[in-house]
Trainee: 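Please see the structure below; I have some questions.
Naming: A, B, ... by sequence-line order, numbering from 1 per chain.
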Amino acid sequence: MKNSIACISLKLLRLSALLSLLFLAACAARQPPPPPPGATQSPAEQDRTVQEKVREPAQQQRGGVQVFPLQNPAVKALLKQAEEAETAGDYNAAAVSIERALRIQPRDPELLQRMAEIQLHNKDYQQALNFASRSYDSGPRVGELCNRNWRTMSVAQAALGDSRSANKAEVRANDCNNQPPQSY
Amino acid sequence: MEKLTAQRRNIAKKPAKASKEKSGRRWFGFFWRLFLLLTGVGLGLLTPWTLYLNHQVTTEFEGRKWDLPSRVYARSLELYPGLTISPVDLETELKAAGYRKTDQTPKPGSYQVSGRQFEIHRRAFRFAEGEESARHLKLRLDSGVIGALSDADSGNSIDLLRMEPAEIASIYPLHQEDRSLVRLEDAPPLLVMGLQAVEDRNFKTHPGLDFRGIARAAFANLRAGKTVQGGSTLTQQLVKNYFLNDDRTLIRKLNEAIMAVSLEWHYDKAEILEAYLNEVYLGQQGSLSIHGFGRASTFYFGQPLERLEPQHIALLVGMVRGASMYNPRRNPERALQRRNLVLGMFAETGILTEAEAEQAASQPLDVTAEPQSGHARYNAFIELVRDHLAQVYREEDLKTEGLRIFTTLSPSEQEKAQRAVTDGLKQLQEAGLPPELQGAMVLADVSSGEIRALVGDRYPGREGFNRALRARRQIGSVIKPLVYLLALEYPASFNLLTLIEDEPVVLRQADGSNWSPQNYDNRSHGTISLLDALANSYNQATVQLGLKVGVKQLLLKLEQLGISTDVMPVPSVFLGAVELTPLEVTQIYQSLAAGGYSVPLRAVTAVQTQQGGELVRYPLRLMPQPNREAIGVLNYALTQVVERGTAKALPGLLGSEIAIAGKTGTTNDKRDSWFVGYTRDRIGVAWVGRDDNQPARVTGSNAAMRVWARLFRELPLEPVDLRMPDGAYWLWVDAVESAVTDENCPGAGQVPFVSGSEPERVSTCLAALNEKDDKSFWKKWAGRKD
C-alpha cells in the first residue's frame, strides 16, 4: 500500500517535471545551438551516431552480394565481449577486446570496422577513419560491410571538417551495393 | 645524604674484630661503591642510548616502505582451437611461465603431457584487463594445431583461454633486494602459525624478549651439545634484519634487546608479524637477495604463497634459520631433513595432525629450477622496454613502485631468434667467414607492430652492446625499395614494367670528386624494367631512377615512415649511405608489410600499479601512409626479389615456396650484411657484420639471409598479402612487350598496377584476339539484328 502511494507520487513528480520542461521549452524563443563536434555527449546520444549514420543505413541498403568472412570461435567470443562492453557504454573495454581479437586475426575486416565504430564513439575521428579504411582495403569491398566502411569514413571526415571527402565517401557507401567486387 | 655519611662514618668507626674480616668488608665496600658508580654512569648513558635506539627503531618502522621491483611480463599466449603451435613451442612457453612438468594430475602451475594430449593447470592471474581464476584445461595438438580445447573438470569445450604471461624480468632497487609484498590477512594461516611454532612460541605474549624461550633454547642446546634452537624472538630477528650486522657481540645483543622491546612497546603484534613476513632473508640469487615469503614462494616453487602446500610452507619456515645452509637447490638433503623436522614441530604443536604431517613429509621437495637464471635471455628485449619506459617514468619509480609492465615478447619466438643468430653465425664462421662476426635480429608482428623477439648479440644472455638497438650501420641496398616506391607514386610516369637504363653514371660530389657506382657483378645491364632492376638490386639503374625522383624526396619518405636522420641529401643515399639500427629498419618495413598502415613499433602494451590500477595503455593506432596503392605494387616487386632476384636462394633455405617479400643489403667492402623479409604476419630484420666496422666478407644473401631463414623456417609461414588496395589492381601483361595481354596468351603473367599507370600498348597476341572478338561481336550483333 505504502509502496503504491510512493509510486504514484513519483509518477506525479515525473509528470510535473515533464510539464515544466514543456513549459520552459515553449518559453524558449529558439532552440539551443547543436553541440559543436567533439563536445561531450551522453553514451546514449553517441550510440545513435553509429546506429543511425553507419549501421542502420548500411543494413537498409543490404541486398545483392553479401560476404561473410568465416570467423573462428575465439574471435567470435571476443567480439561478443566487445559487444557487451559497447552496450554497457564501456568503449575502452570494447576496444581492448577487439584489439585482442585482432592479434588472432589481424586483417579481419569485421574486427577492423568494429574498431572504427568504437573510435567513432570515442570521438577519435582520425583513428575511426584509419580503421574503416583498413577494413575496406582488407574487406569484401561490397555489401553491408563496405557500406559501413564508407559511412564511418564519411562521418569521421565530416567531423574532421573535410566535408568534400565526407560527401565522396557517402557516394562510395551507396555504391557498395551496386557494383560487383573489384577484380584483384 | 646526611644519613649516608653517618652510616659511612659508622662503618669506618666500627672497631675491627679481626683483620681478615676487616679486609673482607673493605673489599665488599669497594665493590659496592663501584657497583653504585657503574649503575649511575650506566643509567646516565643507557637512558639516552635507549632513547636513541627507540627513536631509530620507530622512525625506521614508521617510515617503512619496501622498495618493490617492477615486474615485466611477456605477452599472454592465447590458446584456442585452430592455433598453430608445435608441442615443443607449447612446452617452451609453459616453462618460460614457470610451469612444471608432472606425471600426476597437474596442480596450478604444472602440466602433464601424454602423446598429443596436454593437461595444463593454469594459475590465477591478474591480467591487464582484470583477474582470472585458475583453470584446469585439456588440449589436443593435431600436427601442430590445437584440435580441441576443453575444461578438464567440466569437460566443456573452451573457445579461448589465455595463459598467464611469463615473468621475463624485474627491475630492482639499487640495494638489490627482491620481494613481493604479502599482507598478513593474505598469508596462509599455516605459515603464520608455523612460523611461531618453530621460531617463537610465546610471540603472542612476550614483550619483545622471551626469557622462557631463551631458557628452553639453552636447555635444548645443552642437551644436544650444539646450537639447535635460538632464543631470539621474531621481534628480535626483525630488528636484526633491519639494523644490525651479524656480529655476535654482547653490545649487539643488548641493542637488539632494547630495540625489540621498544618496537613491541609502540606497535601491535600484527604489524610486527607482517613486517617480519616481508623482511626475512630467504635466499640469494647472484647479487640479488630474496626477502620475504612472498618472493621466496615464487623463487623456490614458482607459485604464489597462497598456493603452497604444507610441505612447501614447512621448507620456507625451516629456511628462516639458515637460508643458505638449507637451500633446497644446493643442499637438498639437509633441506629435506630440516623441512621434515619442521613438519614434526607443526604436528607437535597441533597445527597439523600427525597424519597430515606424515603425508607432507613423504612428498618430494618440489622446488623448481632456479627461475630467473632464464631472465638473462631477455636482456636485449628488456633494454628496449627500459628505453621506452624511461620516456615516461623516473628510474627511481621503476625500481621501487612495484609496477606491472605488460610487454609484447613471445618467449618461444625469442628463443628461436636467439638460436638462429647464435647457430647461424657459428655456421658462417665454420664456412670460413671471420670469427669476429656479430649479429642482431628483430622480429615483429606485421599488423600491430608488436616486437616479438629481439637479439642484440650472438652470445645469448650477454649484457653489453645491444646491436639491435644501438648498432648504427649503413643499410646499403635495403633502402632501394623506397626509391622504387617514390617512382611508383607517379603513375603517369612509372609502373613496374617501365624501362630504365642500367648504365655507368658519373656524379660530381660536393668535394669536387667524381662518384661512379658499380654494380655488384661489375657489369651494366642496359635497358631493363623497374621490376628487374629492383629484384636484382642493380646499383646503376637505381641511381638513374633516384635522380629522377630526387634524393630529398627519399629523405622525406624516410621521415614519413618514422625515421629521422640528419644525413646530407647526396646521391649515395640512393644506395643506402644512411646509418640506421636494425630496429629502425624494422620500422620502415613494417609500413610496407602492413600495406601502408604504419604503426609505431611497440614493446610495452600496458603499465599497472602494484594493486592493478591501470597507469597507461598503449593501444593499437594506425597511421596510414599516403599512396598505399604504390606500396601494394611494391610488395609484389619484393616477392620477386625472393622468387628470382638476389634472394632466390631463400625458398631453398626455408624449404617453402610460399610468397615472401624480402630485400638483401650489402655495404661497401662487404662490411654489413642485411636481410629484411616478411610473411603475412611476421617481419624480421637480420644484420651481420663486425663491431669494428671492418670488411667482413659478408653480403646480404651469404650471411644475414641465412640467419633470417634459420628463424623463419621455425615459424608458421603465411604468404604475403598481395591483395591490392583501393587504387591498384592486377593485370595480365606480356613483360617482354611491356603490354597488356590476355590470360591465355603465351608469356602472360600477372603484375599489379597503380590505376593510371597501366601500359597503353596491347600485346600482339591480345590484339589478334581482339580482332577476332570484334568480328565475332559484329557478327553476333548483325545476327541479332536479323
Trainee: Under a 4.5 Å heavy-atom cutoff, which of B:E129, B:R680, B:M623, B:R162 has the most pairs with chain A?
Mentor: B:R162

Trainee: Quick one: do A:R103 and B:E450 make a salt bridge, cutoff under 4.0 Å?
Mentor: yes

Trainee: May I ask you to test the A:R100-B:L160 pair for a side-chain heavy-atom distance under 4.5 Å?
Mentor: yes

Trainee: Using modelled atom types only, decide if a donor and an acceptor are shared between the side chain of B:Y80 and the backbone of A:P73 within a distance under 3.5 Å.
Mentor: no

Trainee: Could you pull out the closest heavy-atom pair between A:F131 and B:L620, with the gap in Å?
Mentor: CZ-O, 3.7 Å

Trainee: Which atoms form the tightest heavy-atom contact between B:D159 and A:A74, and what is the distance?
Mentor: O-CB, 3.5 Å

Trainee: For A:D137, is there an ion pair with B:R723 - N to carboxylate O distance below 4.0 angstrom?
Mentor: no

Trainee: Where does B:A128 contact chain A at under 4.5 Å (heavy atoms): side chain, backbone, both or neither?
Mentor: neither

Trainee: Side chain from CB out, backbone as N, CA, C, O: work out which of these in A:S97 comes under 4.5 Å of a heavy atom of chain B, or both, or neither.
Mentor: neither

Trainee: Between A:R107 and B:D721 (salt bridge meaning N to carboxylate O under 4.0 Å), is one present in this structure?
Mentor: yes

Trainee: State whether B:R617 and A:E99 are salt-bridged, where the test is any N-O pair (Lys NZ or Arg NE/NH1/NH2 against Asp/Glu carboxylate O) under 4.0 Å.
Mentor: yes

Trainee: Heavy-atom pairs under 4.5 Å with chain B are the metric here; pick the option from A:A77, A:S133, A:S138 that has the most.
Mentor: A:S133

Trainee: So for B:T605, is it side chain, backbone, both, or neither that comes closer than 4.5 Å to the heavy atoms of chain A?
Mentor: side chain

